[in-house]
Peer 1: 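A single structure is presented below for examination.
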Amino acid sequence: MAINVTESAGGKIIEVQVSGKLMHDDYADFVPRVEKRIKELGKVRVLFDMVDFHGWDASALWDEVKFDVKHFSDVERFAVVGDKQWEKTLTALSHPFTAAQVRYFERPQIDTARAWLAAP
């Protein structure tokens with residue numbers, strides 16, 4: 001599976017670890033789970049952890065765009081953890097597509113990313 005989703009802080013913080021190439025089917029579990037938490041809790045915080053990540057196929061990229069548009073203001077903090085320059089650049093380019101505070105963290109800083117998400 002290219003996506004592994006875990007939750008903490010009663011579902012308020014959602015960690016999404018992605019690896020390989022994301023496909024349309026990967027969103028079948030992820031999207032309903034996050035939407036359930038948004039419906040229950042309002043805004044959520046997300047850690048997007050890229051481990052040997054190779055991007056999206058065309059249908060998964062479309063799923064991502066639809067999710068981002070639908071939930072533009074439902075994510076209050078979005079931490080991206082990676083280790084490649086293109087991942088850092090992708091994070092910088094994401095700002096217009098979300099109202100969330102977005103920060104990029106290098107792999108050794110994953111605990112700092114988690115602390116930032118958990119901070120008041």
Side-chain angles (χ1 to χ4, degrees):
M1 175 185 268
I3 294 182
N4 181 36
V5 180
T6 57
E7 300 176 3
S8 60
K12 185 78 172 172
I13 297 174
I14 301 166
E15 287 197 27
V16 183
Q17 185 180 73
V18 296
S19 60
K21 183 174 258 189
L22 291 179
M23 309 299 251
H24 173 71
D25 291 345
D26 294 319
Y27 282 77
D29 176 55
F30 164 72
V31 170
R33 190 168 176 179
V34 173
E35 288 180 337
K36 179 181 180 210
R37 289 299 183 205
I38 290 169
K39 185 175 181 179
E40 293 171 351
L41 304 169
K43 293 182 184 284
V44 295
R45 297 176 179 192
V46 176
L47 185 142
F48 191 72
D49 182 14
M50 297 178 279
V51 178
D52 194 31
F53 183 53
H54 300 285
W56 298 260
D57 79 346
S59 61
L61 184 58
W62 179 240
D63 291 331
E64 181 65 31
V65 169
K66 290 188 298 186
F67 179 85
D68 292 347
V69 168
K70 182 176 181 181
H71 298 292
F72 178 83
S73 60
D74 295 329
V75 177
E76 63 182 346
R77 289 189 189 168
F78 188 71
V80 179
V81 176
D83 57 10
K84 297 179 180 95
Q85 182 58 43
W86 74 265
E87 295 168 345
K88 187 174 186 177
T89 301
L90 181 68
T91 303
L93 295 173
S94 71
H95 289 281
F97 302 100
T98 181
Q101 296 176 47
V102 180
R103 287 187 56 190
Y104 178 82
F105 299 86
E106 298 287 336
R107 170 112 354 258
Q109 300 173 306
I110 194 165
D111 290 334
T112 304
R114 288 181 176 123
W116 178 69
L117 288 174

Peer 1: Going by heavy atoms in the side chains, are F72 and K70 under 4.5 Å from each other?
Peer 2: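 A side-chain contact under 4.5 Å is absent here.
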Peer 1: Any non-hydrogen side-chain atom of F67 less than 4.5 Å from a side-chain atom of V34?
Peer 2: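 A side-chain contact under 4.5 Å exists here.
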Peer 1: Side chains of F105 and I110, heavy atoms from C-beta outward: is any pair under 4.5 Å?
Peer 2: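 The answer is no; the side chains never approach within 4.5 Å.
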Peer 1: Is the closest side-chain heavy-atom distance between R37 and V44 below 4.5 Å?
Peer 2: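 Contact flag for R37/V44 side chains = yes.
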Peer 1: State plainly whether one hydrophobic cluster holds both V5 and V46, where clusters connect Ile, Leu, Val, Met, Phe, Trp and Tyr through side-chain heavy atoms under 4.5 angstrom apart.
Peer 2: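 Same cluster: V5 reaches V46 through Ile, Leu, Val, Met, Phe, Trp or Tyr contacts under 4.5 Å.
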Peer 1: When rounded to the nearest 0.5 angstrom, what distance separates OG in S59 from CD in E64?
Peer 2: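 Separation between the atoms: 12.0 Å.
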Peer 1: Kindly compute the distance separating CG (D57) from CH2 (W62), expressed to the nearest 0.5 Å.
Peer 2: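 Output value for this atom pair is 14.0 Å.
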Peer 1: Kindly indicate, with the supporting measurements, whether the criterion side-chain contact (heavy atoms from CB on, under 4.5 Å) is fulfilled by D68 and T98.
Peer 2: CA-CA 7 Å; D68 292 347; T98 181; over 6 Å; no
Peer 1: How many angstroms lie between atom CG of L41 and atom CG of D74, to the nearest 0.5 angstrom?
Peer 2: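 Here the interatomic distance stands at 11.5 Å.
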Peer 1: From T6 OG1 over to I13 CD1, what is the distance, rounded to the nearest 0.5 angstrom?
Peer 2: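 T6 atom OG1 to I13 atom CD1 measures 10.0 Å (nearest 0.5 Å).
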Peer 1: Which heavy atom of A99 sits nearest a heavy atom of S73, and at what distance?
Peer 2: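 Closest approach of A99 to S73: CB-CA, 4.0 Å.
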Peer 1: Decide yes or no for V18 and V51: does some side-chain heavy atom of the first lie under 4.5 Å from some side-chain heavy atom of the second?
Peer 2: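 With C-beta onward as the side chain, the pair stays apart.
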Peer 1: Apply side-chain contact (heavy atoms from CB on, under 4.5 Å) to the pair I38 and H71, showing each step before the final yes or no.
Peer 2: CA-CA 9 Å; I38 290 169; H71 298 292; 3.6 Å; yes
Peer 1: With a 3.5 Å cut-off and no angle check, do the side chains of D52 and H54 form a donor-acceptor pair?
Peer 2: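 Short answer, yes.
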Peer 1: For D49 and V16, run side-chain contact (heavy atoms from CB on, under 4.5 Å): C-alpha distance rounded to whole Å, both residues' side-chain angles, the deciding distance at 0.1 Å, then the answer.
Peer 2: CA-CA 6 Å; D49 182 14; V16 183; over 6 Å; no
Peer 1: Are the side chain of R107 and the backbone N or O of D83 linked by a donor-acceptor pair below 3.5 Å?
Peer 2: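 No; judged by distance alone, with no hydrogens or angles, the pair does not exist.
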Peer 1: Apply salt bridge (charged side-chain N to carboxylate O under 4.0 Å, His left out) to the pair E7 and R33, showing each step before the final yes or no.
Peer 2: CA-CA 10 Å; E7 300 176 3; R33 190 168 176 179; 3.2 Å; yes
Peer 1: Identify the two heavy atoms, one from P120 and one from R45, that lie closest to each other, and give their separation to 0.1 Å.
Peer 2: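 So the two residues come closest at C-NH2, 4.3 Å.
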Peer 1: Which distance, rounded to the nearest 0.5 Å, do you find between the CG of L61 and the NZ of K21?
Peer 2: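 Nearest 0.5 Å value for the CG-NZ distance: 10.5 Å.
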Peer 1: Less than 4.0 angstrom from a charged side-chain N to a carboxylate O is my criterion; do E15 and R114 meet it?
Peer 2: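 Here E15 pairs with R114 in a salt bridge, since their nearest N and O are under 4.0 Å apart.
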Peer 1: With no hydrogens and no angle check, is any side-chain donor or acceptor of Y104 less than 3.5 Å from a backbone partner on G82?
Peer 2: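 Flag set: sc Y104 to bb G82 pair under 3.5 Å.
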Peer 1: Would you say D63 and V65 make side-chain contact, with heavy atoms under 4.5 Å?
Peer 2: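 No. Closest side-chain heavy atoms not under 4.5 Å.
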Peer 1: Do the side chain of R77 and the main chain of W116 share a donor and acceptor less than 3.5 angstrom apart?
Peer 2: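 Side chain of R77 to backbone of W116: a pair is present.
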Peer 1: Using modelled atom types and a 3.5 Å cut-off, is there a donor and acceptor pairing between side-chain atoms of K12 and backbone atoms of K43?
Peer 2: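 Yes, K12 side chain to K43 backbone: donor-acceptor pair under 3.5 Å.
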Peer 1: Within a strict 4.5 Å, meaning less than it, do heavy atoms of the F78 and Q101 side chains meet?
Peer 2: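 SC-SC contact between F78 and Q101 ruled out.
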Peer 1: For K36, is there an ion pair with E40 - N to carboxylate O distance below 4.0 angstrom?
Peer 2: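 So E40 pairs with K36 through a salt bridge.
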Peer 1: Using only heavy-atom distances, determine whether the side chains of Y27 and W56 contain a donor-acceptor pair under 3.5 Å.
Peer 2: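 Y27 vs W56: donor-acceptor pair found between side chains.
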Peer 1: Test side-chain contact (heavy atoms from CB on, under 4.5 Å) on L47 and I14; report intermediate values, then the result.
Peer 2: CA-CA 6 Å; L47 185 142; I14 301 166; over 6 Å; no
Peer 1: Are F48 and L117 linked, directly or through other ILVMFWY residues, by side chains that come within less than 4.5 angstrom of each other?
Peer 2: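 The answer is no; the residues belong to distinct hydrophobic clusters.
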Peer 1: State whether a side-chain donor-acceptor pair under 3.5 Å links Q17 with N4.
Peer 2: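 Checked: Q17/N4 side chains show no N/O donor-acceptor pair below 3.5 Å.
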